[in-house]
Amino acid sequence: MEIRASKESEFEEIINLICTVFVEKCRPRYASQIYHDSSFQLHQSRVCVVDGKVVSHVRVSDRAIHIGRSVVRLGGIGMVATLPEYRRQGYASALMQDSIAYMEAIGYELSLLFTAIQPFYTKFGWATFPQTNFELELRVKKQFEPSSWIARPFDVERDLTQISQIYDENSKARAGTVLRSEGYWRDEYSRQVGILPSLVVEKDGTIGAYANFGFPTDSDGMDAFLATYYPNLREVGYRSQHPDSLLALCHAVLVSTRERDLTSISGRLHRHHPLIALLSEESGSQPSFSITEGAMYRIVLLYSLLQKMIPEFEARLESRREDPTPTSFCFILENQVCTLKVNHGKVTVMDDNSGRTKVQIDTHRFLKVLFGDATFGQLEELNRFKELRLEPYEIATLDALFPKGEPMHWICDYF
Ligand SMILES: CC(C)(COP(=O)(O)OP(=O)(O)OC[C@H]1O[C@@H](n2cnc3c(N)ncnc32)[C@H](O)[C@@H]1OP(=O)(O)O)[C@@H](O)C(=O)NCCC(=O)NCCS
């Protein structure tokens with residue numbers, strides 16, 4: 001068995017392997033990841049070769065994500081596949097170990113993957129993270145008042161600059177969204193996986209809001225993966241200074257579903273996104289929510305992660321009225337240890353265990369606080385149960401550093 005980076009001469013063999021293991025109809029998507037993702041490099045496709053044959057494969061996509069104002073590097077694991085006749089011989093496990101070493105060497109702070117076989121990845125240090133789906137039955141067909149905002153299809157040359165501005169503005173207030181450069185928006189691969197919005201609302205040349213939504217019935221040109229497996233409403237953005245544009249977008253989405261005689265709309269948005277409330281009010285239907293734990297993150301380099309978050313931590317402290325008591329924490333996360341000191345609005349991160357209060361925490365709970373899914377205050381009962389006891393002033397400081405937020409990873413950024 002040989003574990004190594006892929007070679008150009010192996011591209012078709014890799015794509016065939018992935019089509020054999022997953023689904024043939026998604027071949028354009030798999031091929032595009034290799035041929036059309038401009039960030040792709042040979043060493044991102046890791047292969048296991050037995051007797052000259054590629055029998056198992058893991059891909060590590062190069063991405064960066066926002067955690068508020070901070071940007072951290074993320075290795076996106078995907079296309080984990082072993083040919084059926086070579087399974088249960090440790091090949092995929094060896095590739096996962098290799099991918100971890102590879103990500104550490106490159107300097108990724110985090111890794112993310114999406115899966116239905118969580119126990120396989122738990123063994124290697126990935127932990128699940130929740131994502132919220134909503135569904136709305138559409139019963140009543142209401143007429144809507146005309147709006148000063150005009151809804152129309154997205155046009156790449158005319159609209160992309162404004163869409164990416166809205167995207168960046170929205171991302172800074174969230175955790176987990178992928179950093180999208182102009183190259184990323186315009187990449188052939190991004191088009192293949194449907195990153196471009198379908199609908200915008202505009203007034204006097206200003207785009208107020210956009211949506212990326214699609215329907216299985218519009219199969220022409222749509223990525224088979226998205227068309228088959230994912231909800232209609234895949235992404236929404238709007239300018240916070242033009243909240244009325246979101247109402248116009250909501251009407252356009254409802255009209256669009258109605259024109260297709262669809263009886264429900266589904267999406268992956270955070271629980272309190274205003275568009276869900278608007279869709280509910282304007283359609284006269286109540287949304288139902290479900291939580292999936294198909295996303296899994298791994299903390300690759302804790303020290304580097306906390307270092308990169310210093311500007312965000314300090315901005316969070318500055319926005320508080322009260323200056324927290326100076327203190328220091330020693331985070332102990334699986335086999336990684338790191339100290340975070342807070343002193344009059346300044347945050348220092350050190351690669352040692354000198355922090356006074358020991359915060360021994362598993363990856364699952366750490367991810368919750370890192371992405372704002374829960375705070376230390378909210379986890380207090382669970383933390384006590386897991387024998388992590390913190391004083392009220394320590395919880396207050398940790399809640400200032402890790403406040404509640406609305407984490408988001410848009411579906412079209414899957415790898
Ligand atoms: C998952 C997969 C890559 C594992 O490849 P492999 O080379 O056989 O993996 P290894 O021999 O290193 O490890 C086998 C382990 O995989 C785990 N595994 C495989 N399929 C699994 C499944 N459907 N659910 C849970 N665990 C699974 C088992 O825990 C098994 O361990 P065991 O032998 O101790 O029971 C392979 O089964 C495969 O290609 N499956 C179809 C594609 C897929 O599901 N890929 C992952 C998408 S996120």
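Every number for a ligand or one of its atoms is a count from 1 in the order of the listing.
- Of all protein heavy atoms, the one closest to atom 13 (O) of ligand 1 is S93 OG, 3.6 Å.
- Figure legend: R298 and F124 shown without cation-pi pairing, the cationic atom not lying both under 6.0 angstrom from the six-membered ring centre and within 45 degrees of its axis.
- By heavy-atom distance, the residue among T82, I117, I18, T20 lying nearest atom 5 (O) of ligand 1 is T82.
- Within the listing of ligand 1, atoms 48 (S) sit less than 4.0 angstrom from a heavy atom of F114.
- Side chain of D155 to backbone of R158: a donor-acceptor contact under 3.5 angstrom is found.
- E394 contributes a side-chain N or O that, together with a main-chain N or O of E391, makes up a donor-acceptor pair within less than 3.5 Å.
- Distance check for atom 34 (O) of ligand 1: every protein heavy atom is found at 4.0 Å or beyond.
- Considering all non-hydrogen atoms of both residues, F415 and S61 come closest at CB-OG, 3.5 Å.
- Numbered from 1 in the order shown, with element, the atoms of ligand 1 that lie under 4.0 Å from a heavy atom of Q89 read 11 (O).
- Counting only heavy atoms of the protein, atom 37 (O) of ligand 1 lies nearest to R87 CD, 3.4 Å.
- The side chain of K123, and not its backbone, has at least one atom closer than 4.0 Å to an atom of ligand 1 (non-hydrogen atoms only; side chain from C-beta on).
- Between D399 and R316, none of the side-chain N atoms (NZ, or NE/NH1/NH2) sits under 4.0 Å from a carboxylate O, so this pair counts as no salt bridge.
- Cation-pi geometry between R268 and F134 is not met: the NZ or CZ atom fails to fall both under 6.0 Å from the ring centre and inside 45° of the normal.
- Of all protein heavy atoms, the one lying nearest to atom 8 (O) of ligand 1 is R88 N, 2.7 Å.
- Protein heavy atom nearest atom 42 (C) of ligand 1, with residue, atom name and distance: V21 CG1, 3.3 Å.
- Contact atoms of ligand 1 toward A81: 39 (O) (distance under 4.0 Å to a heavy atom of the residue).
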Practice prompt. Start with the C-alpha distance between Y303 and Q336, add both sets of side-chain angles, then the distance that settles side chain to side chain donor-acceptor pair (under 3.5 Å), and finish with yes or no.
Written response: CA-CA 8 Å; Y303 168 67; Q336 301 190 66; over 6 Å; no
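- Within the 3.5 Å criterion, the main-chain N or O of E293 finds a donor-acceptor partner in the side chain of Q118.
- Contact annotation for atom 19 (C) of ligand 1: protein absent (non-hydrogen atoms, distance under 4.0 Å).
- For an aromatic pair to be called close, the ring centres must be under 6.0 Å apart, and Y189 with F40 fails this.
- Of all the listed residues (F120, Y121, F22), F120 holds the heavy atom that lies closest to atom 17 (C) of ligand 1.
- Within the structure, ligand 1 lacks S56 among the residues with a heavy atom less than 4.0 angstrom away.
- Of all protein heavy atoms, the one closest to atom 9 (O) of ligand 1 is A92 CB, 3.4 Å.
- The protein atom (non-hydrogen) at minimum distance from atom 45 (N) of ligand 1 is V80 O, 2.8 Å.
- At least one heavy atom of G90 sits less than 4.0 Å from an atom of ligand 1.
- Under the salt bridge (Lys or Arg N to Asp or Glu O under 4.0 Å) criterion, the residue pairs touching residues 373-386 are K368-D373, E380-R384, with sequence neighbours excluded.
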